[in-house]
Participant: 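If you scroll down you'll find the structure; I have some questions about it.
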Amino acid sequence: MLKIGPYSFQSRLLLGTGKYPNYEIQKNAVEISEAEILTFAVRRMNIFEPSQPNFLELLEPSKYTLLPNTAGAKTAEEAVRIAKLAKASGLCDMIKVEVIGCDKTLLPDPVETLKATEELVKEGFIVLPYTSDDVVLARKLQELGCHAIMPGASPIGSGQGIINPVNLSFIIEQAEVPVIVDAGIGSPADAALAMELGADGVLLNTAVAAAKDPVKMAKAMKLAIEAGRLGFEAGRMKKKRYATASSPKEGMITG
Ligand SMILES: CC(=O)[C@@H](O)[C@H](O)COP(=O)(O)O
């Protein structure tokens with residue numbers, strides 16, 4: 001079970017809602033993934049334009065928790081404003097803090113992310129900051145009282161997978177709140193690796209939305225995350241430098 005603040009979830013897969021070929025494929029992908037948390041950019045929500053189409057209207061609302069994100073914010077002030085707008089619209093008190101510091105890499109601005117997290121925690125939000133895989137920054141976000149840490153595997157939408165598994169494992173080792181690997185996952189193998197490293201969950205979007213068959217990929221991601229988690233819980237064997245026979249001769253019963 002994944003616990004974030006006061007909320008509990010069976011699924012450890014969190015899905016983004018952008019870039020799908022069409023709403024029908026998106027709906028089928030979301031359903032087959034069995035994800036319970038869907039994140040979306042508040043600025044794309046048409047909150048104040050009810051006549052505009054909105055993907056979330058196609059879903060059974062009781063099955064999903066909406067995780068608004070502050071995509072588009074470049075300062076803490078903007079992120080806080082977006083978060084308050086989402087809460088005032090009655091969406092959810094959880095917020096994914098995303099403050100981008102570089103247009104080319106879409107990497108987060110660490111200073112503004114810290115500021116926004118501090119402010120939103122004080123305001124009583126359930127705060128999930130998107131961060132780089134910086135170990136010290138992750139610790140500082142935790143000290144500010146965030147409810148989950150979301151380190152990127154690699155740049156958003158790049159599909160490069162986990163660039164620095166060592167940093168990720170340090171972040172996981174020191175964390176007292178859930179660690180959800182967010183951004184850059186390209187394949188089910190990447191998602192399984194994140195879970196095998198001990199992550200509590202994976203948030204992804206492009207790997208499913210941009211797959212040749214998004215519905216099949218959504219199912220593959222679900223299975224990979226479950227398999228990776230099981231593997232983590234089972235505890236992998238130690239790596240050895242040399243071979244060890246699978247059928248050792250010692251201890252054999254001889255006639
Ligand atoms: C949807 C969302 O929140 C993205 O900003 C997120 O980080 C996913 O990234 P990928 O598209 O690389 O999976």
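Counting starts at 1 for both ligands and their atoms, following the listed order. All values reported here derive from a predicted model rather than from experimental measurement.
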Participant: Just to verify, which of T113, V80, I82 counts as forming a side-chain contact (heavy atoms from CB on, under 4.5 Å) with T70?
Facilitator: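 When side-chain contact (heavy atoms from CB on, under 4.5 Å) is applied between T70 and each of T113, V80, I82, only I82 qualifies.
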Participant: Apply the test side-chain hydrogen bond (donor to acceptor under 3.5 Å, both in side chains) to residues Y7 and D93: give CA-CA distance (whole Å), side-chain angles for both, the deciding distance (0.1 Å), then the verdict.
Facilitator: CA-CA 11 Å; Y7 303 112; D93 61 350; 2.6 Å; yes
Participant: Pair I4, F9 - check side chain to side chain contact (heavy atoms under 4.5 Å, CB included), show working.
Facilitator: CA-CA 8 Å; I4 304 172; F9 305 94; 4.3 Å; yes
Participant: Run through all N or O atoms in ligand 1 and write down each protein N or O closer than 3.5 Å, as a pair with its distance.
Facilitator:
residue: ligand 1; atom: 3 (O); partner: K96; partner atom: NZ; Å: 2.6
residue: ligand 1; atom: 5 (O); partner: E98; partner atom: OE1; Å: 3.3
residue: ligand 1; atom: 7 (O); partner: K96; partner atom: NZ; Å: 3.3
residue: ligand 1; atom: 7 (O); partner: D182; partner atom: OD1; Å: 2.7
residue: ligand 1; atom: 11 (O); partner: T206; partner atom: N; Å: 3.0
residue: ligand 1; atom: 11 (O); partner: T206; partner atom: OG1; Å: 2.4
residue: ligand 1; atom: 12 (O); partner: G157; partner atom: N; Å: 2.7
residue: ligand 1; atom: 12 (O); partner: G184; partner atom: N; Å: 2.9
residue: ligand 1; atom: 13 (O); partner: N205; partner atom: N; Å: 2.9

Participant: Going by the side-chain contact (heavy atoms from CB on, under 4.5 Å) test, name the single residue among L13, I225, L230 that passes it with M195.
Facilitator: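 Looking at L13, I225, L230, the match for M195 under the side-chain contact (heavy atoms from CB on, under 4.5 Å) is I225.
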Participant: Against I171, only a single residue in V181, V135, V136 fulfils side-chain contact (heavy atoms from CB on, under 4.5 Å); can you say which?
Facilitator: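 Filter result, single survivor: V135.
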Participant: side-chain hydrogen bond (donor to acceptor under 3.5 Å, both in side chains) for E60 and S62? Distances and angles first, verdict last.
Facilitator: CA-CA 6 Å; E60 170 62 53; S62 61; 3.0 Å; yes
